[in-house]
Structures are given as structure tokens and as C-alpha cells.
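To find a chain, count down the sequence lines: A is the first, B the second, and so on, and within it residues start at 1. Any value given below was found using the heavy atoms of this structure, including those in side chains, with hydrogens, waters and symmetry copies removed.
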Amino acid sequence: MIDIKKFREDADFFKQKWAARGLDVDVNEILAWDTEWRESTVKVEDLKSQRNVASKQIGIMKKNGEDATSAMDAVRDLGEQIKELDSKAAELSNKVSSKLLSLPNPPSEFTPVGTTEEDNPEVRRWGTKAEFDFTPQAHWDLGQKLDILDLPRAAKISGSGFYLWKGAGARLERALINFFLDQNTENGYKETWVPFVVNPKAMTGTGQLPKFSEEIYHATEDNLYLVPTAEVPVTNIHADEILDAKDLPIAYTAYTPCFRREAGAAGKDSRGILRVHQFSKVEMVKFVEPSTSYTELEMLLADAEHLLQQLGLHYRVIELCSGDLGFSAARCYDIEVWAPGTDRYLEVSSCSNFEDFQSRRCKIRYKGDKEKKAELVHTLNGSGLALPRCIVALMETYQRADGSIEVPDVLVPYMGGLTEITAEG
RNA sequence: GGAAGAGUGGUCGAGUGGUUUAAGGCGUCGGUCUUGAAAACCGAAGAGGGUGCAAGUCCUCCGUGAGUUCGAAUCUCACCUCUUCCGCCA
């Protein structure tokens, strides 16, 4: 959520920022509601002040044994007015805040302006595309022939968009989760284990609600949501808290499954396990002092990149332009890994700075040593990393002519010493 | 799931209808004293919002939301969370 005070001062600034995202926002409407709210607030607070004084008087009169009937009648009338004005003010305030909750974060000053993903500039590349003296296969063929990936049976159990690993495939999923968690811990992120099901307040705090209810699984009986990313529970760890400035930056890492309905995405890039309803992901989340958030973003990105480097996978980093930026982010980098069989770059990480957009919604603040007021922290997060597409890249990059797969050195210990995945198991 | 009890500031804890402007302890910060520290003593300090150039001033906040009342931390109702006991259970 944006800062209403800044919005009052310069609504045009926000209008332009939202326009850079392709949104035409009627800022005057919001300003009018806000002005009206402030006017009613001034009135109602004055009435309340009068009532407080009069009530105190009544108390004193009663204590002295005087008759307070007429004074009580007068204040009763005040009470009626207060009630009426109060509900009017509450209505206006709700209008403003529900509107603001549905508006995205303004892109940062660094964010390139653009309309679609075509406009996302490439930041850098690491490594080169793997070369083969045979035609590399896609992971869905490799997985089936090696009998480690069973999509038909996953569909039988749950429907399309779910995956099922067997044998070395299942082991590979577990190995990567552990490898990522270990690496992130080494890089200073504290490992956490969080709920996979969260309440509406947490979902609103990070920005999934109220706008994207169609994208998330909702257990209506209990009004709880399956997490679409660990970002939600992990960021909310410090909701409604005032942190000590000397504890910042705080960095966490967490593994969770991620559940996404992917409404309307059927058919698009959905072959194999490229886009699924449930996938594993290890996430990194930071709470930082505002002045440091953009250097922290670069560090977060470097940490995520390092994971792919150790796996020896070629990737590129792109920066999202204003039109392609996610709802809550002010600036965002995507890391895309090369998958030779699929013949595409696949997004495996999004590293974002949310500035104070989430911390304002979640009320995550920090306080310095002296008389300084509590200020909102900046929050950041990035995948480190999303599993299925990493496995796709691994399988397709390390495949051999006979369809077997070589296990990269760093994963061998996590695979119980297994150095290759073959059809013989 | 059932029963009982409880939720007050950074923390512990008093307050059960009216100068509560939320006591007091601990912790924190500043000062006095000291070579320095500790101890002791003195003092300061919550959050959000409105208004104002400012000093200031006003409103709201005692788990959450409604209600009763001239007036609610205090009374009523609903919900949430925690504790204990019982039941069920990996």
C-alpha cells in the first residue's frame, strides 16, 4: 500500500507511476473521498471532545449529589450526532483504504519504463548454452524413459498441472531443496519452517489479496489459503512488530510447496512441468533499513545466481520493466535458466524490492537507538530457487546421448553418492 | 471436539462504571556521583491519526468486532488466541 500522506501531497506523481504500469487511476476520486473523510473527522473529533468534557462534568455533579438530568439529555443528543458522523467517516475511510489496497506499488526510479515483457532489458548472462552432438531431448521425454517422472499418474490423482517423481527423480527434488537451504544458510539466511496454510490477513499483508483471489487456493470452510509462495508466511513473521534497528538486516530462508491455480494459463508454456499447480520452492526474505534496500537487492540477486553457478547451469538475468512488474514490487530481477531440450530460458527466480509497500500493509517497523520514531522497514524477497524448472534445466543440460543424466558434482553428496541417473535405476 | 480459566504498554503486573491523564516492579535511555564501571539517587520514555507555519492541541487504542451508558480497560453478546483437564489422533 502506498503512503496516503505522500499521495495527498502529489497525487500526479502516483498517477504517472501507475500509468507506467498501464493503469489509468482516477486519483481525483480518491482525493475527494480523503478530503471528505478528513472534514468529517474534524467534526466528529470536536464533538467527541465536547462529550468527554461534559461527561466528566456529569461525573463530578453526581459525586456532589447534584441533579445532572438536563446535562445528560444534552450529551445524549451529542452522542446521536457522533454515531451518525462516525459511521459516515468510517465508510469514507473504508472506501479509500480498499481502493489503495487494490493499487500496485509504484515502480522505483531505477525501473525501466515499458509495457510488456518484450521491453525487459537483459542485465547479464552467465555461462553458455550447452552444446550437444545429438539432439537434446525435453525433460518430459527424458523423465518418462528414465521412469522418474510420471505425469499421467499425477493427473489421475490430482488433475493436470501436477507432477509425480519416482526413484532418483524424487531424490533429486529432495536433494535440491537441501542444497539450496544449506547454501542460503551459509550465506547468512536463517532457516525457518513455516505454515503452508495462512489466513486472509497474511495474504493481504504481502499483496496477494484482495486483487488476486482467483490465483490462490482457498479452503472456504476455514477461510484459509494455501501459500502461493513462502514469501507470504515468512514476511508475515514480523507483522505488527517493531524491530530493533540493530537487529537489521534480518534474513530468512524457507522451503515450502507453492500452490497456484494458474487460472487462465492452461496451454501456455504448460508442457511437462514448466507450469504446475504445486511446486517446491526455497525462498529468501529480507527485512532491511530503507537506505540499504537497493544494495541488499543486488546481494540477494547474487546469492540466487550463485546457486545456479554451482550447479553449472547457464542463465541470464533480466530486469522487469514497469509494465511487467509484479503487483507489490518496486523493482524486480528475474533469473532465467537455459533448458536446451525445451529450447527456452525458464524463469527460476524473481528477486524483488518491495520498499515499504508490504511493510505498510503488514505493519513491520523498526526503531533506532534514540528518540527516533518507528519507521517502516523495507522488505525484499527472491526465490533461491524454484525447483521444477531447475530440475528441467539440470535434466536437459546434463543429459547424454543414451538418455541418462549426469549428476552435477555439488549434488552428488545430496543424492547419496549417486553420480548418474540411468534407466536401470 | 467438550469443560474451566485467562488475554492490560518492551516485559511482568495492579485496576471490576466517573480527575485513569492506566499505579507499581523489571528492562531501556539520559543525567548526578566515579579514574572508569557497578550500586545508589534524579529524570525521560508507547502506537496510530486529525489540525496547525510552529509551539501546541484534539481524537482513537487495555485480544478483535458489535452493543449498553451522559461516561467503558471495567457491564453484555459474538469471535480469536493462549493455558489446564478430558476426548480423538500422526
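Distance A:L47 CG to B:rG50 C1': 14 Å, rounded to the nearest Å. In this structure, the NZ atom of A:K56 is 9 Å from the P atom of B:rC59, given to the nearest Å. Rounding to whole angstrom units, CG of residue A:N199 and P of B:rC79 are separated by 18 Å. Taking atom CG of residue A:D86 and atom P of nucleotide B:rG67, one finds them 10 Å apart after rounding to whole Å. B:rU19 atom P lies 17 Å from atom CE of A:M61, rounded to whole Å. Atom CE in A:M72 sits roughly 15 Å away from atom P in B:rU68 (whole-Å rounding). In this entry the distance linking CD of A:E80 with C1' of B:rG67 reads 14 Å, nearest Å. A straight line from CD of A:E36 to P of B:rG50 spans 16 Å, rounded to a whole angstrom.
B:rG9 and B:rC62 have their P atoms separated by 10 Å, with the value rounded to a whole Å. B:rC53 and B:rA39 have their P atoms separated by 48 Å, given to the nearest Å. B:rG13 and B:rG30: their C1' atoms are spaced 26 Å apart (whole Å). A distance of about 12 Å separates the C1' atoms of B:rU20 and B:rA72, rounded to the whole Å. Taking the C1' atom of each, B:rU19 and B:rA78 are spaced 34 Å apart, rounded to whole Å. For the C1' atoms, the distance linking B:rG2 with B:rG10 amounts to 37 Å, nearest Å. B:rU11 and B:rG48 are spaced 16 Å apart, taking the P atom of each and rounding to whole Å. Taking atom C1' in both B:rC77 and B:rG25, one finds a spacing of 36 Å when rounded to whole Å.
Side-chain atoms of A:R51 lie closest to B:rC70 of the nucleotides B:rC70, B:rC58, B:rG67. The nucleotide whose nearest atom lies closest to any side-chain atom of A:I58 is, among B:rU51, B:rU21, B:rC70, B:rC70. In this structure, the nucleotide among B:rG49, B:rU21, B:rG71 sitting nearest to the side chain of A:E45 is B:rG49. The side chain of A:K48 approaches B:rU60 more closely than any other nucleotide in the set B:rU51, B:rU60, B:rC70. When distances run from any side-chain atom of A:K83 to the nucleotides B:rG18, B:rU68, B:rU51, the shortest one goes to B:rU68. Distance from the side chain of A:K5 is smallest to B:rG49 among B:rU51, B:rG67, B:rG49.
Side-chain rings of A:Y252 and A:H238 approach one another, their centers coming within less than 6.0 Å. Annotation: A:Y255 is not in aromatic contact with A:F180 [ring centroid separation under 6.0 Å not met].
Heavy-atom nearest nucleotides on RNA chain B were determined for A:I60 and for A:V42, and the one closer to the 5' end corresponds to A:I60. Comparing A:T41 and A:R365 against RNA chain B, the residue whose closest nucleotide sits nearer the 5' end is A:R365.
The phosphate of B:rU69 has neither OP1 nor OP2 within less than 4.0 Å of any side-chain N or O from A:R76. Distances shorter than 4.0 Å separate some side-chain N or O of A:N52 from OP1 or OP2 on B:rU60. Proximity of A:K367 to the phosphate of B:rA47: a side-chain N or O atom is located under 4.0 Å from OP1 or OP2. Regarding contacts with the backbone of B:rG50, a side-chain N or O of A:R8 is found under 4.0 angstrom from either OP1 or OP2. Put simply, A:K62 has no side-chain N or O that comes within less than 4.0 Å of OP1 or OP2 on B:rG71.
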Checklist entry - Please, what dot-bracket string fits RNA chain B when only Watson-Crick and G-U pairs with both distances under 3.5 Å count, crossing ones use [ ] and pairs to another strand use |? => result ((((((((.[[[..)..(.....]]].(((((.......))))).((((((....)))))).[[[[[..)....]]]]])))))))....
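Classification of A:D24 and A:K15 as a salt-bridged pair holds, one side-chain N sitting under 4.0 Å from a carboxylate O. Remark: A:K5 does not engage A:D3 in a salt bridge, criterion side-chain N to carboxylate O under 4.0 Å. Taking a cutoff of 4.0 Å between a charged side-chain nitrogen and a carboxylate oxygen, A:K83 and A:D86 do not qualify as a salt bridge. A salt bridge between A:D34 and A:R38 is present, with a side-chain N of the basic residue lying under 4.0 Å from a carboxylate O of the acidic one. Ion pairing of A:R389 with A:E336 is absent here, as no side-chain N (NZ or NE/NH1/NH2) approaches a carboxylate O to less than 4.0 Å.
Using a 4.0 Å heavy-atom cutoff across all strands shown, A:K43 reaches no nucleic acid atom at all. Using a 4.0 Å heavy-atom cutoff across all strands shown, A:D73 reaches no nucleic acid atom at all. Counting any heavy atom pair closer than 4.0 Å across all strands shown, A:R360 reaches no nucleic acid atom.
Atom CG of A:L181 sits about 11.5 Å away from atom CD of A:E283, to the nearest 0.5 Å.
Summarising the local packing, CD of A:E84 is surrounded by 12 or fewer heavy atoms from other residues, nucleotides or ligands at distances under 6.0 Å.
Among the candidates A:K145, A:K166, A:K156, the single residue satisfying the salt bridge (Lys or Arg N to Asp or Glu O under 4.0 Å) test with A:D150 is A:K166.
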